[in-house]
There are 2 protein chains.
Amino acid sequence: MGNDANSQHQIKALQKAFKIVESIDRLGSATLAEISRDVELPKTTVYRHLATLKESGYIAQTQDEYQLSYRFLEYGIRRRSRDPVYAVAKESMNTLAEDTGERVWCVVKEGPHCVYVYKVEGKYPISTDIHIGQRRELHPYAAGKAILAFQPQEHIDAILDNADLIPRTENTITDRDTLLDELETIRERGYAVNREESIKGLRGVGAPIRNEYDEVHASLSIAGAANRMLGDRLTQEIPEMLLGAVNDIELGLRHP
Amino acid sequence: MGNDANSQHQIKALQKAFKIVESIDRLGSATLAEISRDVELPKTTVYRHLATLKESGYIAQTQDEYQLSYRFLEYGIRRRSRDPVYAVAKESMNTLAEDTGERVWCVVKEGPHCVYVYKVEGKYPISTDIHIGQRRELHPYAAGKAILAFQPQEHIDAILDNADLIPRTENTITDRDTLLDELETIRERGYAVNREESIKGLRGVGAPIRNEYDEVHASLSIAGAANRMLGDRLTQEIPEMLLGAVNDIELGLRHP
DNA sequence: GACAAACGTTCCACTATGGGAAACGATGCC
DNA sequence: GGCATCGTTTCCCATAGTGGAACGTTTGTC
């Protein structure tokens, strides 16, 4: 956190290249001039970075526009397939989606964010703004809160110090003390609940996945339409099935 | 192909960084010393590259090892979701997998390779060495041959000039003239057949997807166990259904 | 059809910057 | 206790990344 001292010793050419890559990702596809304006670097510099990126196979040039290549998908999928949590959770998620009929997510912590790594659809279709691979802040989601609650307190403080607690709906918790109370509740009952805090009309339940050292770097969550996620189903049936699945996964992680 | 003249003007720091990224991808996870040995660069250099990559969020450091972050999955999935072929093919692939019972692949050309972008499972399970996101040469696969056959002749020549035609099984076509004949056959009948040329016991049928300019940058393929892919089913039923689905996709691409 | 604006590309001189040897303390192994 | 290896930091030098300027083309406008 505090070691931005060596940020002076970072390779600036690399940082520029990544700025360009992020720009292309954001723009979808773009020309040299567009990218140059977007990243606010002279076109000569952008030109040679693009040439190197293209030669290395990370971007592709279709007629007159640049776009990211599938190299990212290749590395990303391979990264996931090597993740023990993903490997173990995959099967449990199928039965959980079958039993509950709702969408099941596997979520992994990375820095101060969580990444939605894998999903299994239930029989009830829902539409949300989250897709596989996306990175989100921790506080407005069931899966994120379940992870955040079980971090060491100093790590929680560090994350919240740098977080903005931006509201996504009127239900999003934006007050730090309220959030800390919520995390305490989550620790007591063992699972987190999202009551339309990320999207109106969507509720979810999330539970932490502990690794062999009892650390929480991942979670499982179940998301469904608010009109189905009610009463005992929300606070009893669903959490029970979720915790059962997580228990299976934790066993699988300890005894491979 | 011949413009390696400007490879002198490429940014070497970037090339080193990507060499390191590829090393981590290959090793799965590794320490500084391991990476330094693998890429044959002094550890000082690798150290600062890793620091920059980490700070930029492309790699993560777990305890004492480095590994790729999920940033690659994020960009990769987003890249795919923006691909018009993927967007249109997705639904057609579901019904095709339903109707045939076999695995359906959507494959996209990128440079001299093809990338296996998306798959839908049929009811008959098979196990192959190909997973989503993987890049392969074009010649030993139904999907790859279907793409290769419909490139401009000078592009075919250029690809074959730089390709090794490495055999994957005893059925893999390794002779250039035989392959050129095969491509001619594919152009005549409109689809490609893979007769255990990539994996023993696996057969497949592939058909090119034409874009609005009649160029082929993608294909659809159906893969199944050799004992089910026989006789009229292999040369009549399956190709017919495949070409029907491709036809739908091409219509979807032209009229969005 | 002619002009102007914007594009991608190449050239060049400057100096910022990436490179790597060496030394550092910390850790683990024989 | 000594030797080897690890990750990290420091240092100086020569490389190599930078960006202004000018290039030839293409695009769009009047």
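The analysis underlying the following values was restricted to heavy atoms, covering all of them including side chains, and did not include hydrogens, waters or symmetry mates. Because the structure is a prediction, the values reported are computed rather than measured. A, B, ... follow the sequence lines: proteins, then strands. Residue 1 opens every chain.
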Just how far, in rounded Å, is [atom2] of [N] from [atom1] of [X]?
X: A:L50; N: D:dG17; atom1: CG; atom2: P; value: 15 Å
X: B:E55; N: D:dT8; atom1: CD; atom2: P; value: 14 Å
X: B:I35; N: D:dT8; atom1: CD1; atom2: P; value: 11 Å
X: A:Q61; N: C:dC7; atom1: CD; atom2: P; value: 15 Å
X: A:L32; N: C:dT10; atom1: CG; atom2: P; value: 12 Å
X: A:Q10; N: D:dT9; atom1: CD; atom2: C1'; value: 15 Å
X: A:H9; N: C:dA16; atom1: NE2; atom2: P; value: 16 Å
X: A:Y47; N: D:dG17; atom1: OH; atom2: P; value: 16 Å

- Item | Residue whose nearest DNA chain C nucleotide is more 5′ - A:L14 or A:T31 | A:T31

- Item | A:E22 vs B:Y75, side chain to side chain contact (heavy atoms under 4.5 Å, CB included): CA-CA, chis, key distance, verdict | CA-CA 9 Å; A:E22 281 150 33; B:Y75 290 169; 2.8 Å; yes

Nucleotide N/O of nucleotides 19-26 of chain C paired with protein N/O under 3.5 Å:
| unit_1 | atom_1 | unit_2 | atom_2 | d |
| --- | --- | --- | --- | --- |
| C:dG19 | OP1 | B:K16 | NZ | 3.0 |
| C:dG19 | OP2 | B:H49 | NE2 | 3.1 |
| C:dG19 | N7 | B:R48 | NH2 | 2.8 |
| C:dG20 | OP2 | B:T45 | OG1 | 3.0 |
| C:dG20 | O6 | B:R48 | NH1 | 3.3 |
| C:dA21 | N6 | B:T44 | OG1 | 3.3 |

- Message: Taking the six-membered ring of A:Y116 as reference, does the cationic atom of A:R136 (NZ for Lys, CZ for Arg) lie under 6.0 Å from its centre and within 45° of its axis?
- Response: no

- Cation over ring face, A:R79 and B:Y70, 6.0 Å, 45°: yes

- Query: Would A:D248 and A:S92 count as having a side-chain donor-acceptor pair, cut-off 3.5 Å?
  - Reply: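 No, because no side-chain N or O of A:D248 sits under 3.5 Å from a partner of the opposite role on A:S92.
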
- Query: Roughly how far, to the nearest 0.5 Å, is CD1 of A:I186 from CG of A:D181?
  - Reply: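 If I round to the nearest 0.5 Å, the distance is 11.0 Å.
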
- Message: Measuring only between side-chain heavy atoms, which start at C-beta, is B:N247 closer than 4.5 Å to B:E250?
- Response: yes

